[in-house]
Structure formats: C-alpha cells, structure tokens
Amino acid sequence: MENSKEKIIKISDIVTIAIAIVISVIAFILDGYNSYVNNGVQIDYAFVATTLLLAIAIHFILIGFLESEISNKQKDLSINLEHAVSTIINSLDGVEVTFFDDINDVDIYIANRIASASSCVYDFNWQDFISTNPYHRNATKKEYAANKIDASIKSFCSKKANKPRIYKEIFTFSYSNNIAKMLNHITYGDNYCCSYYENQNPETKFPKLQFVVIDDKEVIFVSSAYKPNLCSINNVRIASIFCNYFEQAWELSIKLKDKNEINNNLIQDIQNRYQ
C-alpha cells in the first residue's frame, strides 16, 4: 500500500492539473463566446497564461517529490534485501560468506588472515593456463599486496607456537616471478613447504582453481579472474572439501622443499628451464 505522504502528493498533483484544465476550458469557452457576440466577457489572458504556467510548475515540483519518495523507498528496499540475503547466507549451518569488490581487497584480507592463522595454511598458488588475465590490476597496488602477503607468510612460519604449524604452497611457473617468490619463501624455515607441477606441456594444461585455506576452516578464492565472485567462505565442512583436494594435489606434486629438506638440484633445474 502507498503511504499517506505519497497519497497527499498524488492528490495535490491531480487537483492542480484539474484546476489548470478547468481554467483552460473556461477560457476556451469564453473566447469562443466573445467571438460570437462582440460585447462578451473580457478575458485576462495574461492571468490565464500565468495560472497555467504556475500549475505546470507545481505539477513538476510535486512529481519531483513523488520520484524522490519512490527512489528512497527503492533504496531502502535494496538495503533491506542485501541485509536479508546476507542473513540467509550466514544462517546456512554456520556458513559465513564475505564478498569482495576488488582483488586487492582479497589480497590484503588474505595477508591479514595468514598472519593471524594458528595452525596451517594451504596455498594453491598455481597459475591458470590463460595467458592474459581478463581484469587489469594496478601494478603498484599489486606489488604492495604481494609484499604484504609475503611478510605475513614469513611471520606465520617464524612464530613460536605450542602446537606444530605448517604452510604448504603449490606452484606452477607459468610466470618467471613465481620462481623468485619460491626462492624467497623457501628461506622462511622448517614450517614452510612447497612443491610444483610442470606447466610447459600444452597437453597437460587444464583450468586451475586458486585458493587459500586457513586453519582448515576458511577457504578464500584468490584469482582476479573470479571477479565479480571473489569471496571467502568460513565453514569447517566446506573448507574440508578443499583441504582434501589440496592434500591429494600435494601428494601428486613434485616436492621442492618439505620441512628442512630442500631439493637444490631440482630448484636449479627449474631456474634453468623456466627463466
């Protein structure tokens, strides 16, 4: 139902237009009458024109108020709908979903989550076979986010803890900067492990899902190619699916560093082949 304010505006608008129509009709009739009998009632046409212009102005003003009311109602409805959807999602058996508008926001969020992780991080850092990312990234913001993530990984791996902690990262080397990243990360201590998949053979390329799992309970999707569906899902049961997938991929991958064991010969080979 329309609220009382909208009804008043609509009624006022209708009355204004009705008065303007009545005045116009009367002026038309009297003008015709004057033409028929030359000594008829004299019409003040300036008054009639001013009245009609005033009626038109009032009409547009009232319409403006009405549109403003409708716009505010639509805005309120949109806010309420967004809140309702968020409430429904978050009420699904403890599932907490956070959406991100920009990949830089995701990277900063990941950096903060890695830094605050308590036990384990599984990082699928492999690149897809797509040669060009469909979404351009600002180089400065990208570098800042990458440095912040690297600092968080180093912080996580170096922290003393009551229980064992582990950081596992799976690479592909489609981009040479991944080699530099790997060489840097393997210096972070025994808590850091990494492996890789060959990515040069076109026959073995396939679409890859990039994600990070935090403490076996939160999965964060990290590729800008997922825009506009960048999100984090915080739920143990859902995260366990990705944990199991990651562990299977880890077992099949080629190990570069596993705790304190570093395969230096393989790393040198990778540098020769991929750079």
Side-chain angles (χ1 to χ4, degrees), residues 90 95-128 133-196 208-236 238-240 242-243 245-246 249-250 256-257 259:
N90 291 335
V95 178
E96 297 178 12
V97 181
T98 302
F99 288 97
F100 303 92
D101 296 325
D102 185 81
I103 184 60
N104 295 306
D105 296 335
V106 179
D107 282 349
I108 298 303
Y109 178 82
I110 288 173
N112 293 333
R113 294 297 294 122
I114 291 173
S116 62
S118 60
S119 59
C120 61
V121 178
Y122 301 142
D123 186 348
F124 243 140
N125 192 30
W126 57 2
Q127 301 293 327
D128 209 337
N133 194 311
Y135 296 99
H136 174 72
R137 291 192 66 178
N138 180 280
T140 302
K141 290 182 178 180
K142 181 178 180 180
E143 183 179 4
Y144 172 79
N147 291 336
K148 192 171 179 63
I149 289 175
D150 286 350
S152 294
I153 296 173
K154 185 175 183 179
S155 173
F156 171 85
C157 294
S158 61
K159 283 181 180 178
K160 302 295 182 181
N162 295 327
K163 60 180 180 179
R165 52 172 52 202
I166 191 73
Y167 195 107
K168 291 183 177 180
E169 186 168 21
I170 298 178
F171 286 99
T172 57
F173 298 109
S174 303
Y175 304 100
S176 59
N177 61 353
N178 272 2
I179 297 177
K181 183 183 295 185
M182 178 267 295
L183 293 173
N184 187 39
H185 289 183
I186 61 176
T187 66
Y188 290 168
D190 294 347
N191 293 329
Y192 179 83
C193 305
C194 65
S195 61
Y196 84 106
K208 305 172 185 69
L209 190 64
Q210 295 184 55
F211 61 87
V212 176
V213 180
I214 307 292
D215 289 338
D216 294 329
K217 62 183 179 182
E218 180 181 11
V219 57
I220 310 165
F221 300 96
V222 299
S223 174
S224 56
Y226 304 150
K227 187 178 180 180
N229 300 310
L230 294 164
C231 67
S232 162
I233 301 176
N234 197 330
N235 179 267
V236 174
I238 293 177
S240 67
F242 292 90
C243 288
Y245 176 69
F246 183 92
W250 176 262
L256 295 170
K257 180 179 184 297
K259 296 184 179 179

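- Every ring pair (Phe, Tyr, Trp, His ring centres under 6.0 Å) that Phe242 has, sequence neighbours left out, goes to Phe211, Phe221.
- The closest donor-acceptor contact from the side chain of Asp123 to the backbone of Tyr167 lies at 3.5 Å or more, if one exists at all.
- Not counting sequence neighbours, Ser152 has no partner by the side chain to side chain donor-acceptor pair (under 3.5 Å) test.
- Judged by distance alone, the side chain of Lys259 and the main-chain N or O of Ile166 form no donor-acceptor pair under 3.5 Å.
- A 4.5 Å side-chain heavy-atom check between Ile170 and Phe246 finds at least one atom pair inside the cut-off.
- Checked against side chain to side chain donor-acceptor pair (under 3.5 Å), Ser119 has the following partners two or more places apart in sequence or in another chain: Asp215.
- The side chain to side chain donor-acceptor pair (under 3.5 Å) check on Ser116 picks up Arg113, with sequence neighbours excluded.
- What you find for Lys257 and Ile186 is that their closest heavy atoms are CE-O, 3.2 Å.
- Taking 4.5 Å as the limit, every side-chain heavy atom of Tyr192 sits out of range of all side-chain heavy atoms of Val121.
- Other residues, nucleotides and ligands contribute at most 12 non-hydrogen atoms within 6.0 Å of the OH atom of Tyr144.
- With hydrogens and angles ignored, the 3.5 Å screen pairs no side-chain donor or acceptor of Arg165 with any backbone N or O of Asn191.
- Considering every non-hydrogen atom in both Ser232 and Ile220, the closest pair reads OG-CG1, 3.9 Å.
- Put simply, the side chain of Ile238 reaches to within 4.5 Å of the side chain of Val95, judged on heavy atoms.
- Rounding to the nearest 0.5 Å gives a distance of 7.5 Å between CD1 of Ile110 and CD1 of Ile214.
- Lys168 is linked by a salt bridge (charged side-chain N to carboxylate O under 4.0 Å, His left out) to Glu247, counting only residues two or more places apart in sequence or in another chain.
- Remark: Asp107 pairs with Arg137 by the side chain to side chain donor-acceptor pair (under 3.5 Å) rule, at least two apart or across chains.
- Asn147 contributes a side-chain N or O that, together with a main-chain N or O of Glu143, makes up a donor-acceptor pair within less than 3.5 Å.
- Here the side chains of His185 and Cys194 are not in contact, with every heavy-atom distance at 4.5 Å or above.
- Side-chain atoms of Glu96 and Asn235, non-hydrogen and from C-beta on, never get closer than 4.5 Å to each other.
- Annotation: side chain of Lys148 is in contact with side chain of Asn112 (closest heavy-atom distance under 4.5 Å).
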